[in-house]
Amino acid sequence: MPAELKTWKELPLGGVVPGGTTPEINKTGSWRAERPIWHEDKCIQCLQCWLHCPDDSILTKQQKMVGIDYDHCKGCGVCAAICPKDAITMIPEREGQCGK
Amino acid sequence: MPNIKTLAQREEKQVRFTPGHTLCAGCAEPMVVRTVLNAIPDPVVVANATGCLEVASSRYPGSAWNVPWIHVAFENAAAVIAGLEAAYKALKRAGKITRTIRFVAFAGDGGTYDIGLQALSGTLERGHDILYVCINNEAYMNTGVQRSSATPRCAAATTSPVGEEIPGKPQDRKDLTEIVVSHHIPYVAQASVSNLIDLANKVERSLQFTGPKFFNVLATCPLGWRTPRASAIDQAKLAVETRYWPLYEVVEGKYRITYKPKKPLPVEEWLKTQGRFRHLFRDEKGKERIAEFQAAVDRHWEELVKKEQCLSGVQEQG
């Protein structure tokens, strides 16, 4: 949630909810207890993690995995479980580095 | 048919269901939604019945839906999507819309099997050109795991707790896919979150038919099934491999099983991994119940294989 609540003048007219706005509003990455770490050298770009990610947090470019969106990843570990090459491992969140 | 790259390409162009929704970690629902929406190349309009998906994706002041989306009550997602489609057809006839738009309804098993069944039946009978996706997690998970008519027998739910009187839910689940088949609509499919490319293929294949298209997709619920949150795919895969949840499609009345497990596992393998069936592994009585469960699964599978043989015109070995 934003730090300060909006006033009625700042809200969209009629209380309309604009589509696709949750990435800005809910940074669900704060839910995480375990953090996925991507090992690029082991990755075979099968995109299984991208397909199965509930939070769309596997970032792709030109249909290739390029990283993990730690702002929204909830740390469920589905990607690590589905990965055929163990290219994603889960570590406790406290051992993770900020922004990586 | 779309492969994983095609789907990724489409999502890079437009993210139709954005992150930041507040579904549980490890929930299978967004996987189904993303796959279905990415499998449709045309613009889509979505109607969403009440349920986890609706509650968690549209918390004010945000919405995870990057497509035109309407939330309706539990019982009428099918009726609303039918109305939208009728309006679209009228505007198209008047020449005010020229492009192809697809109409998709998402509802849970509560909103489909139980509360929304009559609206669904009406929509199917009237023959609206829509896709209806039932995201089946086998109970009312949003309100706290109450049993629905999709809940399998012996599963513990808050309204059918395990005790001396009953072993969880005493009744079998109903076979909604077959009920929908009886409406003689052009395309009906059963899919699972463990086979998402199969689901994407089914969605894309169904688009060539005009009329209602129905998908019953098994979606694991780590909360209600009492399973570890990373195991959603493994759970769904076991359901398919034990033949509990066969993957098949019925195209204009012709059955085709899209995946036949080479070495089917006993259903026990699926049951023992879930907390909601834990009581079955405590005593002798539980063993009997597992045997009954297995018999029901086998009977259903044999029926399906027979239907495929009789109604496909192609003789295959079951």
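Proteins get letters first, then strands, A, B, ... in listed order; numbering begins at 1 in each.
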**OP:** Apply the test side-chain contact (heavy atoms from CB on, under 4.5 Å) to residues B/Arg34 and A/Cys53: give CA-CA distance (whole Å), side-chain angles for both, the deciding distance (0.1 Å), then the verdict.
**Re:** CA-CA 10 Å; B/Arg34 284 177 54 215; A/Cys53 178; 4.1 Å; yes

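- B/Thr22 touches chain A through backbone and side chain together, each having a heavy atom under 4.5 Å away.
- For B/Ile233, the part lying near chain A is the side chain, with the backbone staying farther off; criterion is any non-hydrogen pair under 4.5 Å.
- The contact between B/Trp65 and chain A is made entirely by backbone atoms, counting heavy-atom distances below 4.5 Å.
- A distance of 11.0 Å separates CD1 of A/Ile82 from OG of B/Ser231, quoted to the nearest 0.5 Å.
- Per-residue heavy-atom pair counts under 4.5 Å with chain B were compared for A/Asp71, A/Leu11, A/Val16, A/Val17, and the maximum is reached by A/Val17.
- Considering only heavy-atom pairs separated by less than 4.5 Å from chain A, the leading option among B/Val32, B/Val67, B/Val33, B/Leu7 is B/Leu7.
- By number of non-hydrogen pairs under 4.5 angstrom with chain A, the leading residue of B/Asp234, B/Thr35, B/Leu23 is B/Leu23.
- By the 6.0 Å contact criterion, CD on A/Glu40 is open, its count of non-hydrogen atoms from other residues, nucleotides or ligands being 12 or less.
- The environment of CD in A/Glu24 is sparse: at most 12 heavy-atom neighbours from other residues, nucleotides or ligands sit within 6.0 Å.
- Contact between A/Pro23 and B/Thr18 at its shortest, heavy atoms only, is CD-OG1, 3.5 Å.
- Here the side chain of B/Gln9 pairs no donor or acceptor atom with the backbone of A/Gln62 at under 3.5 angstrom.
- Of the two parts of A/Trp50, the backbone and the side chain both hold a non-hydrogen atom closer than 4.5 Å to a non-hydrogen atom of chain B.
- Both the backbone and the side chain of A/Leu51 have a heavy atom closer than 4.5 Å to some heavy atom of chain B.
- Contact annotation for A/Cys46: only backbone heavy atoms (N, CA, C, O) come within less than 4.5 Å of a heavy atom of chain B.
- In terms of heavy-atom proximity, A/Val78 sits nearest to B/Gly26 at CG2-CA, 4.3 Å.
- Using a 4.5 Å cut-off between heavy atoms, A/Thr28 touches chain B through its side chain atoms alone.
- A donor-acceptor pair is defined here as one N or O able to donate and one able to accept, closer than 3.5 Å; such a pair exists between the side chain of B/Glu12 and the backbone of A/Gln63.
- Here the shortest heavy-atom pairing between A/Cys76 and B/Ala25 reads CB-C, 3.6 Å.
- Taking B/Lys5, B/Glu29, B/Arg229, B/Arg16 one by one and counting their heavy-atom pairs under 4.5 Å with chain A, the maximum is reached by B/Arg229.
- Side chain of A/Thr22 to backbone of B/Gly62: no donor-acceptor contact under 3.5 angstrom is found.
- Among A/Pro18, A/Ala80, A/Gly19, A/Gly77, the residue making the largest number of heavy-atom pairs under 4.5 Å with chain B is A/Gly19.
- Contact detail for B/Cys27 and A/Pro54: the closest heavy-atom pair is O-CB, 3.4 Å.
- You'll find the side chain of B/Glu11 stays beyond 4.5 Å of the side chain of A/Thr60, heavy atoms only.
- For B/Arg278, the CZ atom counts as loosely surrounded, since its 6.0 Å shell holds 12 or fewer non-hydrogen atoms of other residues, nucleotides or ligands.
- For the atom pair CD1 (B/Ile197) and CD (A/Gln48), the distance works out to 7.0 Å, reported to the nearest 0.5 Å.
- Side-chain contact between B/Arg59 and A/Asn26 is present, with heavy atoms from C-beta onward closer than 4.5 Å.
- A/His52 touches chain B through backbone and side chain together, each having a heavy atom under 4.5 Å away.
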